[in-house]
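All of these numbers come straight from a predicted model, not from anything done at the bench. Computed from heavy atoms alone, side chains included, the values below leave out hydrogens, waters and symmetry copies. Each ligand, and each atom within it, is numbered from 1 in the order the structure gives.
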Amino acid sequence: MGLGSNPNGRVEQMKIFLDTADLAEIRRASEAGLIDGITTNPSLMAQVAGKEDPRGIFLAICEAVNGPVSAEVVALDAKGMVKEGKKLAAIHENIVVKVPLTEEGLRACRSLRGDGIRVNVTLCFSAVQAMLAAKAGATYISPFVGRLDDVGQSGMELVEEIRSVYDEYGVETEILAASLRHPRHVLEAMLIGADCATLPPKVLYQLLKHPLTDKGLEQFMADWKSLGKEL
Ligand code: E4P
């Protein structure tokens, strides 16, 4: 399906989220106007937190970005997830609570949504899982593309399947293509009509680059210099 033939008649562009808890990276991308939000996970938080209070880091991230910031719970039972989720949501209005795609996670999702808290259901590896997350009221579903590719399956096929199922049943849960490893993944997510994509900083800056852009700019600069004039 091409971008122009989207049956939902979506007019918005795909949202780009940065998949990191690194504040310097977040500020750089946000100030450049390149991103619409942030996703984090416990592994990404562990890379940056050190002795700092994770809640302080989430607050700083929310203040640096004008958009949703996914913050993941670490409890494994629904009650614990809801308790953590409420604490996270109280940090800042940008927070979206992230829960894993387990029975307990979906119970927590339903409960948090009942309290008006946005939820990102993560670690999705099948379209039927995605359907269950939608039934639980998920705001976002995060299919992990790269991790499926890593085990010899097609991650993008999963994004495509979820798009078809959600469109078929008019599901409003947004598809957040995650675990993207290279610009081709981003392009494919756009062509399928994913609502959002989250990418690590390295992939974000790869999107900007093309060797012919660098070569062309170099040539323009050299020609201008040979003129010996100022603008
Ligand atoms: C998504 O929200 C996850 O944080 C992330 O995209 C996982 O990516 P990885 O498979 O590269 O760790």
Side-chain angles (χ1 to χ4, degrees), residues 14-23 25-26 29-30 34-49 54 57-58 61-62 64-65 67-76 81 84-85 88-89 94-102 105-106 108-109 112 117-127 129-130 133-134 136 138-160 162-163 173-190 192 194-207:
M14 185 176 74
K15 283 166 260 183
I16 300 281
F17 297 156
L18 200 61
D19 197 27
T20 185
D22 183 326
L23 258 177
E25 292 286 7
I26 289 168
S30 180
L34 293 173
I35 54 169
D36 303 295
I38 299 294
T39 55
T40 64
N41 62 39
S43 308
L44 293 170
M45 286 300 285
Q47 284 169 20
V48 302
I57 299 176
F58 284 130
I61 294 175
C62 288
V65 179
V69 173
S70 286
E72 190 159 342
V73 297
V74 288
L76 292 176
M81 288 183 201
E84 289 176 358
L88 289 168
N94 286 355
I95 292 282
V96 173
V97 176
K98 211 171 174 189
V99 302
L101 210 159
T102 59
L106 294 189
C109 175
L112 290 164
I117 295 170
R118 290 176 295 168
V119 178
N120 175 356
V121 177
T122 189
L123 289 167
C124 173
F125 293 96
S126 79
Q129 282 183 317
T139 317
Y140 300 97
I141 183 71
S142 291
F144 274 34
V145 173
R147 291 194 195 185
L148 272 174
D149 290 355
D150 290 346
V151 296
Q153 295 182 37
S154 166
M156 261 323 145
E157 231 170 78
L158 170 60
V159 177
E160 213 162 357
I162 300 173
R163 182 74 281 156
T173 300
E174 293 195 26
I175 303 174
L176 198 177
S179 184
L180 302 184
R181 304 274 164 80
H182 47 72
R184 185 79 209 168
H185 270 158
V186 183
L187 175 62
E188 286 169 2
M190 284 194 282
I192 291 168
D195 301 283
C196 334
T198 188
L199 20 151
K202 180 180 155 225
V203 177
L204 177 69
Y205 296 105
Q206 280 176 340
L207 297 184

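The line from CG of Leu207 to CD1 of Ile16 is 6.0 Å long, rounded to the nearest 0.5 Å. The CD1 atom of Ile162 sits 7.5 Å away from the OG atom of Ser126 when rounded to the nearest 0.5 Å. Leu158 contributes atom CG, which lies 6.0 Å from atom CG of Leu148 (distance to the nearest 0.5 angstrom). The OG1 atom of Thr122 sits 5.0 Å away from the CD atom of Glu72 when rounded to the nearest 0.5 Å.
Here is the list of ligand 1 atoms found below 4.0 Å of a heavy atom in Lys98: 1 (C), 2 (O), 3 (C), 4 (O). Near Asp19, meaning under 4.0 Å from one of its heavy atoms, ligand 1 places the atoms 1 (C), 2 (O), 3 (C), 4 (O), 5 (C), 6 (O), 7 (C), 8 (O). Near Ala178, meaning under 4.0 Å from any of its heavy atoms, are these atoms of ligand 1: 1 (C), 6 (O). Short contacts between ligand 1 and Arg147, defined as distances under 4.0 Å to a heavy atom of the residue, involve ligand atoms 7 (C), 9 (P), 10 (O), 12 (O). Atoms of ligand 1 lying under 4.0 Å from any heavy atom of Asn41, numbered from 1 in the order shown and given with element: 3 (C), 4 (O).
Polar contact with ligand 1: absent for Ser142 (N/O pair, distance under 3.5 Å).
At least one donor-acceptor pair under 3.5 Å links the side chain of Ser179 to the backbone N or O of Arg147.
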- [ ] For the pair Thr40 and Phe58, evaluate side chain to side chain contact (heavy atoms under 4.5 Å, CB included) and give the outcome as yes or no after the intermediate values.
- [x] CA-CA 9 Å; Thr40 64; Phe58 284 130; 3.4 Å; yes

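Summary of contacts: the protein heavy atom closest to atom 8 (O) of ligand 1 is Ser179 CA, 3.4 Å.
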